Structures are given as C-alpha cells and as structure tokens.
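What follows is one structure encoded as structure tokens, with my remarks underneath.
What you see is a predicted model; the values in this text were computed from it and never measured. In this chain, numbering begins with 1 at the start of the sequence shown.
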Amino acid sequence: MRRRTLLAGALLGTTAAPALASGTARAAAPGPSVTRTGRTTLDSRAIYFVSYDGLVNNNSFQKNGLLTHKGHQYAAWYTADRGAVVARRALGDTTWQTVRVGHTLRYDDSHNVISLGVSRTDGRLHLHMDSHSDGFTYVKSVAGLLDDPAGTSWTPNRFGTPQSTLDGLALTPQFTYPQFVATPEGRLQLSYRAGVSGNGRNALAEYDGTRWTALGEWSASTGTYTSEHGSSTARNMYLHGIDYDRNGRLHSFFTWREQNAAVMCSGGGITNHDTGYVYSDDRGRTWRNDAGTVVGRTGGADRVSVTDPGLVVDPLNPDHSLMNQESQFTDSAGRPHAIISYVPGRFGQCTTDYVADRTAHGRAFHVRRSAAGTWRKTEIPVPLNSSQRTKLVLDRHDNAYAVLPYGRIAGASAASDHTDWKLLYDGAGLNAFGEVVVDETRIAQDGVLSVMYQERSSGTTPSPLHVVDFRLPA
C-alpha cells in the first residue's frame with residue numbers, strides 16, 4: 001500500500017497584529033468582499049451543446065480562456081457557426097474587438113476548449129484548441145502584438161495560419177488538456193496529457209521566444225493501485241492546475257483516475273481517488289513531494305507514480321465521486337491552495353451515479369498548506385447543486401474566493417486562516433449554465449475578478465456569452 005500524508009486536523013491559533021513602533025495599531029486587512037461593477041457581452045450567439053455535463057466555451061479547466069496582460073484583457077470562444085474567435089478590450093471598456101483565427105470546431109465535445117497563453121519574451125499571444133485524445137490546432141500571433149496593444153490594430157493578419165503542430169513540433173497523436181503557464185523569465189510552457197483517460201501521462205513543452213522544445217513526460221500511468229474492492233494497473237494524473245508562485249516554485253495539485261472500474265463500489269461512480277501535490281524548483285524538470293523528496297524527472301525514466309511515497313495530502317477512496325481538474329492558486333507567501341469536491345461520507349459511503357450524487361450531495365473543500373507546513377482542509381458550507389467544478393482565487397490580502405457553479409461566489413478571510421467561508425454573491429440574474437471561467441491573471445493587476453460564463457439554453461440553441469466583473473478589496 002502507498003504511504004499517505006494526512007491532513008492536520010487541529011486548527012491553528014491566530015496571532016494578534018503587532019503594534020507599530022509609534023504605538024499606533026496596524027490597520028487590519030480587509031476581509032473578502034465582491035462588488036459587481038459591470039458586465040460585457042462577448043457573443044450574443046455562442047455555440048451551445050452539452051457534453052460531459054459541460055460547455056466547450058466554459059470548462060473551468062481552461063488555462064486560460066480569459067487573461068489580462070499590460071492593461072488589456074483577452075478572451076477566446078467558439079461562435080454559433082463553430083468558428084474560433086479571439087477578442088481583446090482595454091480594462092474598463094465595455095466593447096470587445098474580435099478576430100476569427102481561421103479554425104472551425106470539429107466535434108461536439110466540450111473538452112475541445114480554447115486555451116490562451118502569453119510569451120513575454122516576444123509579446124505573442126498563443127492559442128491551443130480543439131483537442132481531446134487526438135490532434136490539436138495551434139495559432140500564434142505576430143511578435144509584439146501584446147507589447148503595445150493600444151498602438152497595434154486587432155486584425156486577422158496579426159495571427160498566423162492554424163497549425164497541427166507547434167511550429168513543426170508534433171508532440172503526441174493523443175493530446176488533451178492544454179494549459180499555458182509563463183515562467184518567471186517570460187518563457188511560455190505548455191502542459192498537456194499524452195494518452196487517454198485512465199491511461200495517460202502529463203508532459204511539458206517550452207517556448208523560448210524562438211522555438212518550441214518538448215521537455216517530455218513527467219507522470220507515469222503504470223503501477224498497481226488497490227482499493228478495498230479491487231486493483232488497477234493503469235491510470236492518469238489529472239491536474240488541478242500548474243502555477244508558478246512569486247518565488248519561482250512551480251506547484252501542482254492532482255487526483256488519480258484509475259482505468260479499471262473494479263476499484264469502485266459501483267460502476268455508476270467515477271474512479272478518481274486521493275488529492276496529491278508535487279512541486280518543482282527547476283522550471284518543471286524535477287518534481288518533489290511535499291517533504292522535498294525527488295519523485296520524478298521530466299523526460300526521464302523516473303516519473304511521478306501512484307506508488308511514490310508522500311504524494312497524497314488528502315486521502316479519499318474512489319467511492320465518493322471526487323472531481324478531477326478542479327482548481328488551485330498560490331498566496332503571497334508562495335503557499336499552495338486548492339479546491340476539491342466530492343460527496344462526503346455523511347451522505348453515504350458509495351456513490352452510484354456520480355452526476356446525480358454530486359448534484360444532490362456534493363460539497364467543495366478548501367485544502368491549503370499552513371505557515372507551519374501542515375495541511376488543512378475546510379468544507380465550504382454552500383451545496384454545489386451541480387456535478388461541476390469550482391474555481392479558486394486569492395486577492396492581494398490573501399482572502400480566498402471560490403467561484404462555484406452558476407457564478408456564485410463564496411469567500412473566506414486570511415485573518416480566520418480561511419475557516420469563515422460564507423456566500424458573498426448568489427449569482428442572481430446571471431442565468432449561468434454551470435461551470436465558469438475565471439481570469440486568474442487580472443486580480444494582481446487591478447484587483448478585479450472577471451468571470452466568463454454562458455447563459456443556459458436548451459438543445460443546441462446558441463446563447464449569450466458574457467464577462468462579469470467584481471471589484472475586490474483594495
């Protein structure tokens with residue numbers, strides 16, 4: 001059996017703020033709050049179909065469907081006629097400039113999302129799209145497009161021809177889940193899964209401003225996992241994200257999905273189990289567990305495996321419909337935080353229909369590392385009422401915000417050690433389908449939380465796609 005690192009159960013005490021040298025008490029940091037400041041429409045008729053209980057324009061695992069760079073915000077989506085579009089606006093503007101990038105969505109598959117990335121070394125915008133265990137489409141802008149957005153026109157000739165490789169780098173014929181992340185030096189990395197659900201490996205590629213290089217795979221699909229019901233010898237690691245903190249450490253939470261349904265109590269559940277955590281201090285080349293032990297090397301024979309010790313920070317068997325690819329964020333001290341969700345044991349020890357059971361009884365939990373280095377978990381006291389995912393962000397004061405399905409927002413204060421979760425915004429008037437996309441990059445730039453969501457529809461009737469903005473505490 002695997003060795004597990006358990007969450008610390010005891011609450012840590014809070015400390016009073018020290019007095020300033022002058023004797024004047026230091027002002028307390030504000031707690032979490034959201035003030036809705038406006039809403040813009042990206043598309044009044046965006047493509048709408050439901051698959052895997054989600055929408056192709058609003059899967060929360062997109063990194064990024066919405067991002068901010070140098071005072072401008074960028075978004076990407078598919079139109080009613082299946083065309084891929086990328087848009088921009090100056091922060092605060094109510095209208096978006098749009099450009100079609102020459103690609104048409106191939107299948108009605110909500111996994112075929114569009115992800116955006118910025119390479120700061122050459123000022124390009126990168127788009128990766130339309131991939132679920134097969135080929136992909138890649139488009140990049142001309143150099144410098146993002147360096148002077150106010151002085152550069154937004155026209156189709158600013159983008160290159162769609163490609164089926166990364167400038168000639170083919171990677172894998174079974175590609176899924178593109179996630180762009182910028183290194184502290186301004187290079188752009190692309191995280192992806194090679195293989196298929198239940199039998200895949202995580203890998204990285206890197207763009208240095210001149211060319212793409214394949215760094216290789218870093219997680220393994222092999223090894224034996226055994227539950228009380230049965231065993232599985234193949235799986236894949238689903239990432240909750242991949243993010244650099246301000247000190248240059250790369251963090252990733254994950255859950256495992258087993259290939260063999262024999263590990264579950266019921267065939268109607270889902271084989272996801274355990275929340276794990278790894279980090280890298282050398283730009284994703286070497287991976288370490290929470291204790292700092294090397295557990296994998298990218299591109300090498302030793303990859304992060306289900307049998308490695310010290311990976312699990314919150315153990316859970318496959319009988320509770322644990323969601324994959326939820327969300328993560330790092331705070332101002334570089335400590336990792338994650339949102340996970342599942343059906344707690346108080347509602348039973350065996351989910352038999354993961355969509356129905358998660359909708360009826362699913363709850364989200366905030367997992368984070370404390371200043372003392374221990375792991376803590378707090379239930380967010382807002383029923384999911386959905387099978388879908390929740391997004392996590394932290395503001396400049398390290399208050400935490402969970403953006404729940406339907407655009408609801410809950411918050412917890414850093415002063416309480418993130419134990420005082422409460423609903424701040426109930427999503428009224430949005431008519432959001434379910435999962436939403438959050439601009440993870442904007443908060444640090446101007447203290448605004450931007451949420452992209454699509455209105456509910458029926459069948460394949462197109463519906464409006466919007467971005468709603470919330471001001472966070474200054």
Salt-bridged, [X] to [Y], with N to O below 4.0 Å?
X      : Y      : answer
Lys70  : Asp148 : no
Arg249 : Asp245 : no
Asp134 : Arg106 : yes
Arg369 : Asp290 : yes
Asp469 : Arg89  : yes
Arg82  : Asp108 : yes

Checking the side chain of [X] only, and the main-chain atoms of [Y] only, is there a donor and an acceptor separated by less than 3.5 Å?
X      : Y      : answer
Gln445 : His72  : no
Gln62  : Ile114 : yes
Thr351 : Asp319 : yes

**Study point:** salt bridge (Lys or Arg N to Asp or Glu O under 4.0 Å) assessment of Lys140 paired with Asp122
**Key:** CA-CA 11 Å; Lys140 69 178 182 182; Asp122 60 357; over 6 Å; no

Sequence-distant partners of [X], ring-ring contact (aromatic ring centres under 6.0 Å, His included), two or more places apart:
X      : answer
His418 : His337, His366
His132 : Tyr52, His111
Trp77  : none

Exercise for review: Give the C-alpha distance, both sets of side-chain angles, the deciding distance and a yes or no for salt bridge (Lys or Arg N to Asp or Glu O under 4.0 Å) between Asp243 and Lys63.
Suggested key: CA-CA 10 Å; Asp243 298 279; Lys63 189 175 182 73; 2.7 Å; yes

Among residues at least two apart in sequence or on other chains, which ones pass side-chain contact (heavy atoms from CB on, under 4.5 Å) with [X]?
X      : value
Ala444 : none
Arg246 : Ser332
Pro383 : Arg363, Asn385
Thr155 : Ser153, Asn157, Arg158

Salt bridge (Lys or Arg N to Asp or Glu O under 4.0 Å) involving [X] - partner list, sequence neighbours excluded:
X      : answer
Asp53  : none
Lys391 : Glu440
Arg389 : Glu435
Asp109 : none

**Study point:** Greater than 12 external heavy atoms within 6.0 Å of Arg45's CZ
**Key:** no

For [X] and [Y], which I'm curious about, is there any donor-acceptor pair between the side chains at under 3.5 Å?
X      : Y      : result
Asp395 : Tyr401 : yes
His466 : Glu455 : yes
Gln454 : Ser463 : yes
Ser413 : Ser416 : yes
Tyr138 : His126 : yes
Ser219 : Arg193 : no
Ser341 : Arg358 : yes
Trp96  : Thr40  : yes
Arg187 : Thr121 : no
Thr95  : Asp93  : no

Measure up the [X] and [Y] rings against each other and bin them: parallel (under 30°), tilted (30 to 60°), perpendicular (over 60°).
X      : Y      : result
Phe175 : Phe136 : tilted
Phe254 : Trp256 : perpendicular
His103 : Tyr78  : tilted
Tyr207 : Trp212 : tilted
His320 : Tyr342 : perpendicular

Practice item. Start with the C-alpha distance between Arg283 and Glu185, add both sets of side-chain angles, then the distance that settles salt bridge (Lys or Arg N to Asp or Glu O under 4.0 Å), and finish with yes or no. Key: CA-CA 10 Å; Arg283 308 300 187 254; Glu185 300 82 16; 2.5 Å; yes

Exercise for review: Begin with the C-alpha distance, continue with both residues' side-chain angles, and end with the deciding distance and a verdict on side chain to side chain contact (heavy atoms under 4.5 Å, CB included) for Val56 and Asn58.
Suggested key: CA-CA 6 Å; Val56 71; Asn58 273 112; over 6 Å; no

Practice item. Under the ring pair (Phe, Tyr, Trp, His ring centres under 6.0 Å) rule, what do Tyr277 and Trp287 come out as? Steps first, then yes or no, please. Key: CA-CA 10 Å; Tyr277 167 77; Trp287 295 93; 9.5 Å; no

Check your understanding: Closest approach of Ala432 and Tyr406, non-hydrogen atoms and distance?
Key -> O-CD2, 3.5 Å

**Study point:** Partner of Ser252 by side-chain contact (heavy atoms from CB on, under 4.5 Å), out of Val181, Leu239, Asn202
**Key:** Leu239

Point to revise | side-chain contact (heavy atoms from CB on, under 4.5 Å) partner of Thr275, the single match among Leu316, Val312, Val313 | key: Val313

Review point. When you look at Leu66 and Asn64, which way does the side chain to side chain contact (heavy atoms under 4.5 Å, CB included) test go after all the steps?
Key: CA-CA 5 Å; Leu66 187 67; Asn64 296 279; 5.9 Å; no

Check your understanding: Yes or no on side chain to side chain contact (heavy atoms under 4.5 Å, CB included) for Tyr279 and Leu250, after CA distance, side-chain angles and deciding distance?
Key -> CA-CA 5 Å; Tyr279 71 89; Leu250 185 60; over 6 Å; no

Point to revise | Partners passing side-chain hydrogen bond (donor to acceptor under 3.5 Å, both in side chains) against Tyr453 (at least two apart in sequence or in another chain) | key: Arg39

Practice item. Given side-chain hydrogen bond (donor to acceptor under 3.5 Å, both in side chains), test Ser197 with Tyr238 step by step and report yes or no. Key: CA-CA 9 Å; Ser197 177; Tyr238 274 114; 3.1 Å; yes

Point to revise | Worked check of side chain to side chain contact (heavy atoms under 4.5 Å, CB included) between Tyr425 and Leu430 | key: CA-CA 11 Å; Tyr425 177 73; Leu430 297 184; 3.6 Å; yes

Check your understanding: Can the ring centroids of His361 and Phe347 be said to lie less than 6.0 angstrom from one another?
Key -> yes

